[in-house]
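This report concerns only the one structure given below.
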Amino acid sequence: MNSPEQPLPTFDEVLLCTPQTSEEQVGLFLRRCLIPCPGGDRIYTMLYADELSYDVSCRAEELFQRLQCYNSSYRLIILCNCERENSYLPSAFSHCKVHMIPQRPRAEMQQYLQRHFRVAQPSSSAAAVFKEHMCVGIVSSKRAGMGK
């Protein structure tokens with residue numbers, strides 16, 4: 001986000017982990033991150049790595065240890081829920097832990113995201129439903145189960 005022109009991460013740079021995320025999915029992601037390839041200043045991000053099962057987390061750590069020797073300049077961010085930081089993967093990488101505080105004002109981050117999530121030519125797309133023709137939106141309610 002250093003420049004408004006910088007693109008958002010692509011689908012292959014982000015892994016959204018759930019308890020159902022397989023060892024194969026994590027392995028493919030780590031290989032993309034740790035095996036050098038041309039075009040390379042990408043930042044890879046694992047979201048909710050604390051959600052991975054114990055077996056998948058163990059295999060992920062083993063694979064990471066084997067592959068990191070191929071690339072000394074990899075960029076990997078592992079984001080976890082602070083309430084689950086004692087789960088396997090966050091514990092295995094606790095020596096690399098950094099508490100992050102946003103460096104940009106909230107309004108500036110919102111403008112950056114609005115620029116990248118706005119549909120260029122409003123047409124008969126679902127973006128017409130969201131404010132200012134955004135292609136994403138958050139729907140929330142204080143009352144659970146109200147048909148969101």
Side-chain angles (χ1 to χ4, degrees), residues 1-119 125-127 129-131 134-148:
M1 204 183 106
N2 291 330
S3 157
E5 302 304 319
Q6 272 186 309
L8 291 168
T10 59
F11 71 94
D12 61 334
E13 294 173 303
V14 178
L15 178 64
L16 180 59
C17 302
T18 67
Q20 291 75 36
T21 302
S22 69
E23 180 182 337
E24 180 182 10
Q25 290 171 307
V26 175
L28 290 170
F29 178 79
L30 288 174
R31 284 179 178 84
R32 280 195 300 266
C33 173
L34 296 169
I35 295 177
C37 64
D41 285 346
R42 301 173 105 189
I43 300 172
Y44 292 87
T45 307
M46 288 179 74
L47 298 170
Y48 303 114
D50 53 293
E51 294 281 331
L52 294 173
S53 71
Y54 180 80
D55 291 337
V56 171
S57 295
C58 288
R59 301 275 191 291
E61 182 195 12
E62 290 169 7
L63 181 61
F64 177 85
Q65 298 300 336
R66 282 197 322 261
L67 293 177
Q68 76 173 6
C69 65
Y70 292 105
N71 186 357
S72 61
S73 63
Y74 65 89
R75 296 164 146 197
L76 175 62
I77 299 170
I78 300 174
L79 294 174
C80 303
N81 182 338
C82 65
E83 294 173 5
R84 293 180 41 97
E85 66 185 349
N86 293 326
S87 59
Y88 187 87
L89 213 53
S91 295
F93 290 97
S94 64
H95 63 284
C96 304
K97 184 168 149 181
V98 176
H99 288 281
M100 291 297 299
I101 297 171
Q103 299 297 309
R104 305 278 185 183
R106 181 178 181 175
E108 190 176 323
M109 288 189 279
Q110 287 174 331
Q111 287 174 340
Y112 172 82
L113 292 172
Q114 284 176 349
R115 176 185 177 103
H116 290 285
F117 285 129
R118 183 169 285 122
V119 175
S125 76
V129 174
F130 293 112
K131 182 180 176 184
M134 295 292 146
C135 62
V136 296
I138 297 174
V139 178
S140 65
S141 173
K142 293 183 181 183
R143 294 173 45 193
M146 297 307 295
K148 295 180 287 299

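What you see is a predicted model, and the numbers here were worked out from it, not measured in a lab.
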Minimal non-hydrogen separation, C80 against P90, with atom names | SG-CG, 3.4 Å
Heavy atoms of R75 and C33 approach each other most closely as O-SG, 3.9 Å
Non-hydrogen side-chain atoms of Y48 and R84 separated by less than 4.5 Å = no
When you look at L63 and L34, which way does the side chain to side chain contact (heavy atoms under 4.5 Å, CB included) test go after all the steps?
-> CA-CA 10 Å; L63 181 61; L34 296 169; over 6 Å; no
Is the backbone N or O of P19 less than 3.5 Å from a side-chain atom of S53, with the two atoms forming a donor-acceptor pair by type?
-> no
Value for CG (L52) from CD (E23), rounded to nearest 0.5 Å, stands at 11.0 Å
When rounded to the nearest 0.5 angstrom, what is the spacing between CG in L79 and CG in L16?
-> 10.5 Å
What is the distance from atom CG of L47 to atom CG of L15, rounded to the nearest 0.5 Å?
-> 8.0 Å
Can you check whether F29 reaches R32 side chain to side chain, under 4.5 Å on heavy atoms?
-> yes
Determine, stepwise, if the pair L67 / R31 fulfils side chain to side chain contact (heavy atoms under 4.5 Å, CB included).
-> CA-CA 7 Å; L67 293 177; R31 284 179 178 84; 3.7 Å; yes
For the side chain of R115 and the backbone of Q111, is there at least one donor-acceptor N/O pair under 3.5 Å apart?
-> no
Taking it one step at a time, do L76 and F64 satisfy side chain to side chain contact (heavy atoms under 4.5 Å, CB included)?
-> CA-CA 11 Å; L76 175 62; F64 177 85; 3.9 Å; yes
Modelled atom types, side-chain donor and acceptor of T10 and D12, under 3.5 Å | yes
Atom CD1 in I77, atom CE in M46: separation rounded to 0.5 Å?
-> 12.5 Å
Does CD in Q65 sit with more than 12 non-hydrogen atoms of other residues, nucleotides or ligands closer than 6.0 Å?
-> yes
Residue pair R104 / M109: nearest heavy atoms and the distance that separates them = O-CE, 3.3 Å
Could you pull out the closest heavy-atom pair between I78 and A49, with the gap in Å?
-> CG2-CB, 3.4 Å
Evaluate the side chain to side chain contact (heavy atoms under 4.5 Å, CB included) criterion for residues Y112 and H116: first the C-alpha distance (whole Å), next the side-chain angles of each, then the deciding distance (0.1 Å), finally the verdict.
-> CA-CA 7 Å; Y112 172 82; H116 290 285; 3.3 Å; yes
Yes or no on side chain to side chain donor-acceptor pair (under 3.5 Å) for S57 and D55, after CA distance, side-chain angles and deciding distance?
-> CA-CA 5 Å; S57 295; D55 291 337; over 6 Å; no
Which atom of L30 lies closest to which atom of A60, heavy atoms considered | CD1-O, 3.5 Å
What distance separates T18 OG1 from Q25 CD, expressed to the nearest 0.5 Å?
-> 7.5 Å
